[in-house]
Amino acid sequence: LHSVPTSTTTSGSPLYFPPPSHQSNHDHNRKQSRPIDRSSSEASSSPRPAGMGSRRGRPQQQQYPPPARGGGRGPIPQQQGGGRGTQGFTAAPPQHPRHDAAAGRGRGRAARGDGPSSPAPAAAGPLGRLPPELRQAMEDPSPPPAQPVPVPAQAEAAAATGQAAIPASSKAIRFPLRPGKGSAGTRCLVKANHFIAQLPDKDLHHYHVSITPEVTSRVVNRAVIHELVNLHRAAYLGGRLPAYDGRKSLYTAGPLPFASKEFQITLLDDDDGSGAQRRQRNFKVVIKFAARADLHRLGMFLAGRHAEAPQEALQVLDIVLRELPSARYAPFGRSFFSPDLGRRQPLGDGLESWRGFYQSIRPTQMGLSLNIDMSATAFIEPLPVIDYAAQLLRSDIHSRPLSDAERVKIKKALRGVKVEVTHRGNMRRKYRISGLTTQATRELTFPVDEGGTVKSVVQYFQETYGFAIQHTYLPCLQVGNQQRPNYLPMEVCKIVEGQRYSKRLNQNQIRALLDETCQYPRDRERDITQMVKHNAYQEDPYAKEFGIKISDRLASVDARILPAPRLKYNETGREKDCLPRVGQWNMMNKKMVNGGKVRSWMCVNFARNVPDKLARDFCHQLAQMCQDSGMDFALEPVLPPMSARPDQVERALKARYHEAMNILGPQRRELDLLIGILPDNNGSLYGDLKRVCEIDLGIVSQCCCTKQVFKLNKQIYANIALKINVKVGGRNTVLVDALSRRIPLVTDRPTIIFGADVTHPHPGEDSSPSIAAVVASQDWPEVTRYAGLVSAQAHRQELIEDLYKVRQDPQKGPVSSGMIRELLISFKKSTGEKPQRIIFYRDGVSEGQFYQVLLFELNAIRKACASLEANYQPQVTFIVVQKRHHTRLFAHNHNDKNSMDRSGNILPGTVVDTKICHPTEFDFYLCSHAGIKVITRQNLLASHLVI
């Protein structure tokens, strides 16, 4: 992603670029500028901090048709033609356009291996009446333009520093209500993994729980309350069976016989098999009435007569339904895992996968529903510690000492892990590992009395337990605290079962976990249904106590399949347009609508098993495909493909680059593209190559895996050619409806589409920054070319801090900047238009962060607009896109081949905006693309969009 230089325009002033020239403005001949970003379609691209762009070149003009003769790499597109906008950035008054076009939103993406993927915005359907789900977003916002969103006082106070403060209350803004239900598309039925829950007709009471001495473990807290209920349910609790959250809250279906009461509870430690007396722990428990949970408000909310969800009532019902699974299985988040819920699958390096299920009570249009989904996660295998270490190191350590690097790796992996001793017969006392000794077991001694007498660990175990330590060359485990550590030889310890692995998995482990969890849709539906029956909610004593009844049948939901968009290709190809079928199409007989220019390129081969001749053949075939697809692509590289060692990626790339520039420099040319051939399992090589190319050398790169090289398949060449074309400034296709101005809310007036997300460090990385990325369309009405910006921000901060900023300049005073502002400026320069509408897609936001993110980021968008020009407040539609949810959609009839793709998934374009959606808010589920393989075992997850 290439950054845009920070603007120095002060708040409220007109933009610094000149007004557009008044040229011809025919849609098919309008000149296009080069995009800021040549964004990668490859997986796992490494983001980098903003401000590190590539070398600037001269921006080239592109026309449609014929294909472009692209060129330079200017980070901001130069304004090319236009004549459509007003002078400067003067805001026109908002207008209500008349619309007679239907809003059928189609989605098409080629399946990998069957058809190339092609980025495309939503398409419009045939002419007709505008569906109601789009009508509300087209209306002017009800607040006056100067104050579109009420902003808390601290946010206004932070304006001087450009940092919009985190809002103190969600009351400052409300989500828009659902304006109606959509009508475009072909109607059908689907099934969803939502099970209708009957609302209890009971008074729910909330009690505050205080346990002294206070403990942090929910397991201990639950054990205390469980013992209390066993002892005093009949005598003091009025026979009631309470539900407990493991912390401070206890709920009952009706009042307890007291308002406040104190109990004394004694817990016995687990029997360790030694026969010794078990340790007793005494706790004081105080239960005090707190409040009543209002189920009437919940009923009003579910009926759509109350706007705000009563979160406490929903929380009570969720806790009630989690009570029994929490006792049966290992709970983590909203999921429960057990080795008894499916076969264990080794993941490598001492890890294994456990199957489980996700469970959550949700308010929907059909009432309360229980969302159940299958899940899996990684656990540490319950192995002897020596065997675990051998798997971790992938080496036999039973007959040799450890190196320092191996000892550090084992110490890092085992810290915090629970083990049990095996040298004392039935006594299985448990300990938590705090470290690893630097000395071997045979060298360790410890004091045994006050007189300073010392004894070796080997001698102690022999004399005390009659146990002869065999692996004396290995270090000991340190357990207990660091001040007074206890030493345990590795061979007498076994890892305790049921410990979830929360650190980062490597690529092989991720692949093994995905292979284990991928299922055909029919199989996943079967497993979900069986899990609901296995949980037997009708027999759950807590559900019975609270009067909750759960259906055992998946919900049937009305859906619609939106029409696919027709795609426009170059007039010079044999096929000038294309209509995707089942979300797939290919490039046969088609040419890119705007082909980019690659006159100088080279290849570096980091895969040892790819011979030089094969690398040359691959590059030649790829260059030929790029040329045949409509690109101005040189068939011969500047230098022949070179092989290099993966551990010397930076040295090899820089050396080869300088060799190429020695040839190109005298000709005043630059290197346009680097092709990298990587091993299939390349570890950090991909990220290292991207870092060197993007940050150090400033060149476009395209990576190819070894398996792609060996296939020599034309479809693979076509897919890679599409990626290269986008990166060098070309356009693969545009929507026919965009050219004919028939996409509602996009083509009727200048519209810019943003996409934003934040990538957080992996678990265990406690100091790395989070990386925010924002992209925005740079052409209109086609909306096919995007520019991108990235910014490093605070560790695990979800709010995007750099959307809008104000810095203090010693001479100029407050100076506005930020990603939104720069992308708006770039759009104006590229199109000659200022956006009259902003559509902002935001990824990665959980439901608990909705209000916080919306208030903070919408405020930043408004401030960025106002900083460009006084009273410039375009309409903003803020859409949160959720992919990490657990709603799964299945074909209603798995025998009806017309309602599924070839792997049994629902058809691309399927949209659901009824029944399982929110009772009042504007949300829907959309399956926007086909499976990524011709035959996929993956059950596709429809995106959940909240407007």
Side-chain angles (χ1 to χ4, degrees), residues 40-48 112-113 117 344-355 375-381 383 388-395 405-406 408-410 412-414 500-519 604-610 644-650 653 675-694 701-711 716 719-720 723 757 759-766 768 770-771 844 883-884 931-933 936-938 941:
S40 170
S41 301
E42 303 163 37
S44 306
S45 61
S46 299
R48 59 190 179 88
R112 195 177 305 161
S117 62
R344 301 180 180 187
Q345 179 69 25
L347 301 179
D349 296 352
L351 302 183
E352 64 182 4
S353 66
W354 283 18
R355 298 297 297 270
S375 58
T377 193
F379 281 76
I380 303 174
E381 282 194 74
L383 298 170
Y388 174 82
Q391 283 199 29
L392 184 68
L393 300 176
R394 301 180 188 179
S395 174
E406 289 174 332
V408 170
K409 185 174 183 179
I410 293 174
K412 186 177 179 181
L414 287 177
R500 181 171 174 262
Y501 186 78
S502 59
K503 300 175 184 176
R504 181 181 181 181
L505 300 177
N506 61 41
Q507 290 298 318
N508 291 330
Q509 291 167 337
I510 292 173
R511 190 177 299 109
L513 186 60
L514 290 176
D515 287 343
E516 174 65 15
T517 55
C518 280
Q519 295 178 282
V604 180
N605 176 20
F606 293 98
R608 296 175 181 175
N609 59 333
V610 175
R645 291 173 50 182
D647 58 346
Q648 297 182 353
V649 56
E650 185 168 351
L653 289 174
I675 298 173
I677 299 177
L678 310 185
D680 291 330
N681 297 321
N682 51 70
S684 63
L685 177 58
Y686 176 89
D688 293 339
L689 184 146
K690 289 294 180 182
R691 173 182 56 80
V692 173
C693 289
E694 297 285 336
S701 60
Q702 176 63 49
C703 295
C704 307
C705 290
T706 301
K707 60 185 178 183
Q708 296 173 327
V709 175
F710 277 103
K711 285 182 180 179
I716 291 177
N719 280 333
I720 298 175
K723 300 175 191 296
D757 194 10
T759 300
H760 299 294
H762 292 279
E765 296 182 17
D766 298 329
S768 301
S770 294
I771 305 296
K883 297 185 293 294
R884 294 185 179 182
I932 59 175
K933 293 183 180 179
T936 176
R937 289 190 295 127
Q938 182 182 11
L941 186 63

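Just so it is clear, the model here is predicted, and its values are computed rather than measured. Position 1 is the first residue of the sequence, and the numbers go up from there.
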message = Tell me if a side-chain donor or acceptor on Q509 pairs with a main-chain N or O of G348 at a distance below 3.5 Å.
response = yes
inquiry  = Side chains of N609 and F710, heavy atoms from C-beta outward: is any pair under 4.5 Å?
reply    = yes
message = How long is the straight-line distance from CD1 of I410 back to OH of Y388, given to the nearest 0.5 Å?
response = 9.0 Å
key: Any donor-acceptor pair under 3.5 Å from K503 side chain to H762 backbone   = no
query = Does the side-chain contact (heavy atoms from CB on, under 4.5 Å) test come out yes or no for L678 and C705, once each step is laid out?
reply = CA-CA 5 Å; L678 310 185; C705 290; 5.6 Å; no
task = State, to 0.1 Å, how close P761 and S770 come at their nearest heavy-atom pair, and which atoms those are.
result = CD-OG, 3.6 Å
remark   = Correct closest heavy-atom pair for P646 and L685 would be O-CD1, 3.8 Å
key: Test log, rule side-chain contact (heavy atoms from CB on, under 4.5 Å), inputs D349 and Q391   = CA-CA 5 Å; D349 296 352; Q391 283 199 29; 5.7 Å; no
From CD (E381) to OG (S353), nearest 0.5 Å = 9.5 Å
key: Atom pair SG (C693) and CD (Q702), whose distance is rounded to the nearest 0.5 Å   = 11.0 Å
query = Below 4.5 Å, heavy atoms only, C-beta onward: do H760 and I771 meet side chain to side chain?
reply = no
query = Donor-acceptor pair, D680 side chain versus T706 backbone, under 3.5 Å?
reply = yes
ask   = For I716, does its backbone N or O pair with a side-chain atom of N719 as donor and acceptor, under 3.5 Å?
value = no
key: Heavy-atom neighbours of R608 CZ exceed 12 at 6.0 Å   = no
task = Go through the steps for R691 and E650 under the test side-chain contact (heavy atoms from CB on, under 4.5 Å), then give the verdict.
result = CA-CA 9 Å; R691 173 182 56 80; E650 185 168 351; 3.6 Å; yes
request  = Specify the closest pair of heavy atoms between A512 and L347, including all atoms of both residues, with the distance to one decimal.
outcome  = CB-CD2, 3.8 Å
message = Quick check for you: to the nearest 0.5 Å, what is the distance between L393 atom CG and K409 atom NZ?
response = 6.0 Å
ask   = Between atom SG of C703 and atom CG of N682, what is the distance when rounded to the nearest 0.5 Å?
value = 8.0 Å
inquiry  = Apply side-chain contact (heavy atoms from CB on, under 4.5 Å) to residues L505 and L351 and explain how you reach the verdict.
reply    = CA-CA 9 Å; L505 300 177; L351 302 183; 3.7 Å; yes
request  = State whether the side chain of N605 and the backbone N or O of V610 hold a donor-acceptor pair below 3.5 Å, judged by distance alone.
outcome  = yes
key: Distance in Å, D515 CG paired with I510 CD1, rounded so as to fall on 0.5 Å steps   = 12.0 Å
task = Not counting sequence neighbours, which residues clear salt bridge (Lys or Arg N to Asp or Glu O under 4.0 Å) with R344? List them please.
result = E352, E497
inquiry  = Tell me whether Q648 contacts the main-chain N or O of R645 through its side chain, where contact means a donor paired with an acceptor under 3.5 Å.
reply    = no
